[in-house]
Amino acid sequence: MTVRSAMKTTLGLKSMMLGLATVAAMGLVAHDAVAKDIKTRIIRFGYGLADSSPTGKATRFFAEEVGRLSDGKMKVKTYGNGALGSDEQMQNALIGGSQEMTFVSTAPLAGMVKEFGVFDLPFLFDNEKVADAVLDGPEGRKLLDTLPPKGLIGLLYWENGFRNITNSRHEINKASDLNGIKLRVMQNQVALSVFNGLGANAIPMPFTELFTALETKTVDGQENPLSTIQTSKFYEVQPYLTISNHVYTPFVLLASKRWWDGLSTDEQAVIEEAAKRSQAFQRKVSREGDVAALAYLKEHGVKVSEFSTAEKEAIREQLEPIVSKLKQEIGPETVDAVLGAAQEASKS
Ligand code: KDG
C-alpha cells in the first residue's frame, strides 16, 4: 500500500468516524429535544385577527412571558388569522379540551352567557379609561365568573376597541344613510337589533368569513376597530369609513377549564401573571394601533367621514325603545350595574 493510499484510507476512516459522531450527537440532541418537548407543556393559542394586528403582537408578548416565567417548561404556540377556526369554534374547542387558549369578543360569548350582550349596547363607554375601569372592576369580574360552569376560564379582559363602520356603497354621514346597507354584524341578538333598528339590513356572520363576504359583495359593509380594518385588509374592498365609535368591544382572554384544572397551582400562577403583564401591553398597542391605522387608511385612499355629536345623540334617541327592550333580554340588573359603574368611572 503506497503512502498516498494509506493516507486516503486513514482520512476515509476519520471522516466516517466524524460522520458517525455527528449522527450520534444529532440523535442525542433530537432525543433531548423530544424529551424536553415531552416535559414542556405545549399551549395552543388560536385567534381570529391577523398576526400583524396589535392583539397578534400582544399574544406573542403573552407567549414570551409564559416561557420566561416558567423557565421554558410551558410553551405557547400561537395560531393567528383564524387558523384554528372562528371565535365560536375556538370557544367550543376550549370547552372540549382540544385547544387550550384564545381571545374572543364578548359578542359570541353572549350566546352562552346572555349578560355579555351588555357590551354590544351602543355608546356604553365614553372612552377607554371608563372601559378599563368597568372591565377591571367588580362588574367585569362578575361576568368572567359566569364562565367556569360553561367550561371556560375568563382570565381577564383585553381590548378589541371602539368600532367604526365601513362600506362599499357610499359615504355614511348619518344613521339614515345606513338604509338598505347589508351590514355584517357579530353573531348576537344585540348587535343585530341595534343595526336593524338604525335601518341597515344586519347580517350576523363569523369574523373568519368576513373578508370574502365583503370582496364578493355578499355584504356591503361591516363594523370593527380601525386596526382590524387595516390589518385584516378590509380597506382593500371598503372605500368608505365612518368614524362612529358606536360600541366598545372587549376581548376576553380565555383558557379551557378542562385544561386549567389539570395545571399545578404554580403553572396556573404563571398563566395568571403572564396575562396580567400582557394586559397593559395589549391595551397600549391596541390604542397606538388605532391611531396609526387611521393615518394608514387615509393614506390608502379610504374616504373618511364621521358621526357628529348631534348625530350620535339622535342615534341614542332613535334606539331608546330597542335598548330598553334589549335590557330586559340581557338582564336588567347587569345592564344597570354596568351602566352605573360606567357613570361612576366617567366622573373620575
Ligand atoms: O378573533 C377575532 C375576533 O374575535 C374579533 O375580530 C371579533 O370584533 C370581532 C368581529 O367583528 O367578529
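One-based numbering, in listed order, for ligands and for the atoms of each.
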| query | Counting only heavy atoms not in Lys284, do more than 12 fall under 6.0 Å of its NZ? | reply | no
| said: Here's a test for you: under side chain to side chain donor-acceptor pair (under 3.5 Å), which of Thr249, Asn224, Asn160 qualifies with Ser105? | reply: Asn160
| said: Closer than 4.0 Å to some heavy atom of Phe251 - which atoms of ligand 1 meet that? | reply: 4 (O), 5 (C)
| request: Look at atom CZ of Arg287 and say whether more than 12 heavy atoms of other residues, nucleotides or ligands are closer to it than 6.0 Å. | output: yes
| task | Would you check whether Glu223 has a nitrogen or oxygen atom less than 3.5 angstrom from a nitrogen or oxygen atom of ligand 1? | result | no
| Are the side chain of Gln238 and the backbone of Asp220 linked by a donor-acceptor contact shorter than 3.5 Å? | yes
| Best match, Glu209, Glu88, Arg184: closest heavy atom to atom 10 (C) of ligand 1 | Arg184
| Under 3.5 Å, N or O to N or O, is Gly48 touching ligand 1 that way? | yes
| field | Exercise: identify the closest heavy-atom pair between Leu155 and Arg141 | value | O-NH2, 3.1 Å
| note | Checking heavy atoms under 4.0 Å, the part of Gln222 that sits near ligand 1 is neither
| note | Correct closest heavy-atom pair for His246 and Ile165 would be CE1-CG1, 3.8 Å
| task | Using a strict cut-off of 4.0 Å, indicate which atoms of ligand 1 neighbour a heavy atom of Ser105. | result | 4 (O), 5 (C), 7 (C), 8 (O), 9 (C)
| Contact partition for Thr228 relative to ligand 1, non-hydrogen atoms under 4.0 Å | neither
| said: Using heavy atoms and a 4.0 Å limit, tell me yes or no: is Arg163 in contact with ligand 1? | reply: yes
| Contact check, Leu49 vs ligand 1, heavy-atom distance below 4.0 Å | yes
| Under 4.0 Å from any heavy atom of Phe207, which atoms of ligand 1 are there? | 6 (O), 10 (C), 11 (O), 12 (O)
| query | Considering only heavy atoms of Met186, which atoms of ligand 1 have at least one such atom less than 4.0 Å away? | reply | 8 (O), 9 (C), 10 (C), 11 (O), 12 (O)
| message | Ring of Tyr240, cation from Lys303 - is the NZ or CZ under 6.0 Å from the centre and inside 45° of the axis? | response | yes
| request: Report the part of Asp87 (side chain from C-beta onward, or backbone N, CA, C, O) that has a heavy atom under 4.0 Å from ligand 1; answer both or neither where that applies. | output: side chain
| Are the charged groups of Glu311 and Lys174 less than 4.0 angstrom apart, N to O? | no
